[in-house]
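Before any comments, here is the structure.
Side chains included, hydrogens not; waters and symmetry mates left out as well; all remaining heavy atoms used. Numbers restart at 1 for each chain; the letters A, B, ... are given by sequence-line order, proteins then strands.
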4 protein chains.
Amino acid sequence: MTNSVRGGKRERLAAAAARVLHEQGVEKTTLADIAGAAGVPVGNVYYYFKTKDQLVEAAIGEHGRSLRGLLDRLDELPEPAQRLKALVRGWVDQREVAARYGCPTGTLASELDKRADGLDQAVAALMRELLGWMERQFAALGRDDAPELAVALLSSYQGISLVTNTLRDPELMKAEGERLERWIDALR
Amino acid sequence: MTNSVRGGKRERLAAAAARVLHEQGVEKTTLADIAGAAGVPVGNVYYYFKTKDQLVEAAIGEHGRSLRGLLDRLDELPEPAQRLKALVRGWVDQREVAARYGCPTGTLASELDKRADGLDQAVAALMRELLGWMERQFAALGRDDAPELAVALLSSYQGISLVTNTLRDPELMKAEGERLERWIDALR
Amino acid sequence: MTNSVRGGKRERLAAAAARVLHEQGVEKTTLADIAGAAGVPVGNVYYYFKTKDQLVEAAIGEHGRSLRGLLDRLDELPEPAQRLKALVRGWVDQREVAARYGCPTGTLASELDKRADGLDQAVAALMRELLGWMERQFAALGRDDAPELAVALLSSYQGISLVTNTLRDPELMKAEGERLERWIDALR
Amino acid sequence: MTNSVRGGKRERLAAAAARVLHEQGVEKTTLADIAGAAGVPVGNVYYYFKTKDQLVEAAIGEHGRSLRGLLDRLDELPEPAQRLKALVRGWVDQREVAARYGCPTGTLASELDKRADGLDQAVAALMRELLGWMERQFAALGRDDAPELAVALLSSYQGISLVTNTLRDPELMKAEGERLERWIDALR
DNA sequence: GATGAATGAGCGTTCATTCAT
DNA sequence: GATGAATGAACGCTCATTCAT
């Protein structure tokens, strides 16, 4: 009740975690970094998240929410090919961020994979969600190799994100996005 | 004879660094981990490498050496399409490792990118080397969009490595490899 | 009441630093030494001082505070010659400490001088403060060579501190103190 | 015999130690620093000096030798007052070095004093040697307070060295030197 | 004697986590 | 609930000293 005014701390922390972990990486980010970015005192973080891992989990959750929001918006488009191409265009629009920090989900997946927490499974679930959506679009296009195509498209995005990031050249993602759009058009 | 035990410590350290950094990630790997894997006392590491960063650099160098070795072997094949497909098949052969730890160069690039050491440029140089080789193959195939195709192929590999790793499913890489081989065949 | 135990940790650390650094020297003193002397766990020191250098700085600050306190007390004496001689007598009173550890400011200046931190400038400022005060007293005595006399007096003190310390003989400082008092009396 | 050609390593090490320890301080100087300055491989140092302390001892010995050389030269002057003033003039001539690194013997005394090696006694012996010589000059001037005057003169030099060094102003030593010369002239 | 290599103890510093109020 | 302070284990790195040839 009363904390509807001061509250939202949990949300602020999750949002700050998502952003800062993306920009700095999991290992290089301290709890103080996240707390500072959220404007929350360090000692107070633990009322919302018992461990640093839970903060990472919350960050993954944030990425999941924004992924779902995106897919919902895409679903309003009439044609599956339109939806897929709009997805690609969304990636291209984010190319500056990708060039600086990589794909938020991909870099998280890469880092968390080196650990034994089960957090990697949370990111994997996110990827599976996106894969499933892609698969449905390719199936709607009449492709019976939809699963394979979904993996190919996701891989292309993850790969071009990494390459764009490593070479610090956002234009690479633009060219690859155009190539992927042509590829989608050629599929039916 | 006697220096089978003592000799090549620097090389052993570099090799151990390449392996352990790939398996555990840069941040989660301690100098003691690398020293232990190489069978060298911790204090002695600093006789060969003044900082942890230099050890990372040496690991990158190792990956560079093995990349160059691979490309040299591929160059002995007569046809550019054969070379490219043999490259893809090499990736597929390594799918079990990729499923567990990802692509050595890619994960390194992803992690180092969050830092300001200039080490990221060393990995970037590796990627550019591979890109250049690919470009020459595509050009030899008569394609004037060789640079773009090279980026697409590298991205596909980096992406499928990440997805394979995240979903822990080596078969994904196998299927994608076959798709890429068909794609290469269809290019000319 | 309750914070007689917990309170003023920062001050306790600064005081402990001033004392221990004087007794053991900057380089030979570990953070654990200072923490131990202040009754503070090692890890907690960094809550108050981010680096060892900041602890040294705090110690210099402590010496500055006690210097200012001394000069304020001396300023209450009516005659400049009285003030100067009281200063000298204060030094002589501390001759046992000087014989064991030297002048706190002087030894600090000597050690910090070998470094490039800028900490040496903090000690230099302390010396300039004392020099300025002395100069004002000599000027009040009507001497137009006040700056030179101030340097002579400070040097005599620093020098006799070092000699007293090296030869471990507090009586040297006593004799020199008496000589300096006669010298002051002979000035007007 | 044969090492009259390659030899002198011990001497080179002692001379390098004297110089480097003066410039960098005892604690901040590593064995590698001294070895490097002497052009001797690190591992070889231990054939000449079993410990770092023995190298410090050798450095003190070097300072002793040069002190004795100086006093011998001064002894050739006919008058005790001339000898004392020539000593002072020698200090003033070295004021640039003093401004940068302090008095070699004094800074050594200050640093070694914080330790329990007995090395401090070796420096103390040096000071006593100089004190004795001064005492003889003052006695030859007919002063029965020669011991006290010797301490006063040594202190003035040590003090002005420290102040000159801390304030990085060689001119301070010049002015004080002139004052000391006038003081000597006024003694008889 | 000479030398590169080896060794291990210790230092300053960081940080996730917990505690007391 | 909220907060500043406390805690300790771990890390990267240095260096005097010793070893093997």
V42(C) or K52(B): which one's nearest nucleotide on DNA chain F is closer to the 5' end? V42(C)
Got a donor-acceptor contact below 3.5 angstrom from the H22(C) side chain to the T105(C) backbone? no
Taking atom C1' of dA16(F) as reference, at what distance in whole Å does atom CZ of R115(D) sit? 12 Å
Between R115(C) and E27(C), is there a side-chain N and carboxylate O pair less than 4.0 Å apart? yes
Quick one: closest heavy-atom pair of A59(C) and L21(C), and the distance? CB-CD1, 3.8 Å
Given atom CD of E27(B) and atom P of dT14(E), what is their separation to the nearest angstrom? 15 Å
Side chain of Y47(B): nearest nucleotide among dT3(E), dT3(F), dA6(E)? dA6(E)
Of the candidate nucleotides dG12(E), dT7(F), dA16(E), which contains the atom at the shortest distance from the side chain of T30(C)? dG12(E)
Reckon K9(B) has a side-chain N or O less than 4.0 Å from the OP1 or OP2 of dA6(E)? yes
Rounded to the nearest angstrom, tell me the gap between atom CD in Q54(D) and atom P in dA16(F). 15 Å
Output the single nucleotide from dA6(E), dC13(F), dT14(E) whose closest atom is nearest the side chain of Y46(C). dT14(E)
Take P41(B) and G43(C), find for each the nucleotide of DNA chain E with the closest heavy atom, and name the residue whose nucleotide sits nearer the 5' end. P41(B)
Can you measure K28(B) atom NZ to dT14(E) atom P for me and round it to whole angstrom units? 20 Å
Take atom CZ of F49(B) and atom C1' of dC13(F), then tell me their distance rounded to the nearest Å. 16 Å
So does G39(B) get a backbone contact from the side chain of K9(B), meaning a donor-acceptor N/O pair under 3.5 Å? no
N44(D) vs dT3(E): side-chain N/O to OP1/OP2 distance below 4.0 Å: yes
Take the protein atom NZ of K50(C) and the nucleotide atom C1' of dC15(E), then report the distance between them rounded to whole Å. 11 Å
How is L31(D) classified with respect to the nucleic acid when contacts are heavy atoms under 4.0 Å: base, sugar-phosphate, or nothing? base
Grab the CZ-P distance between R12(C) and dA5(F) for me, whole Å please. 14 Å
Between C1' on dA16(F) and CD1 on I34(D), what's the gap in Å once rounded to a whole number? 11 Å
L13(A) and A38(A) have their tightest heavy-atom pair at CD2-CB, 3.7 Å
Tell me which nucleotide, if any, is Watson-Crick or G-U wobble paired with dT21(F) when both distances must be under 3.5 Å. dA2(E)
Report the nucleotide, chosen from dT17(E), dG12(F), dA2(E), that has the shortest atom-to-atom distance to any side-chain atom of Y48(D). dA2(E)
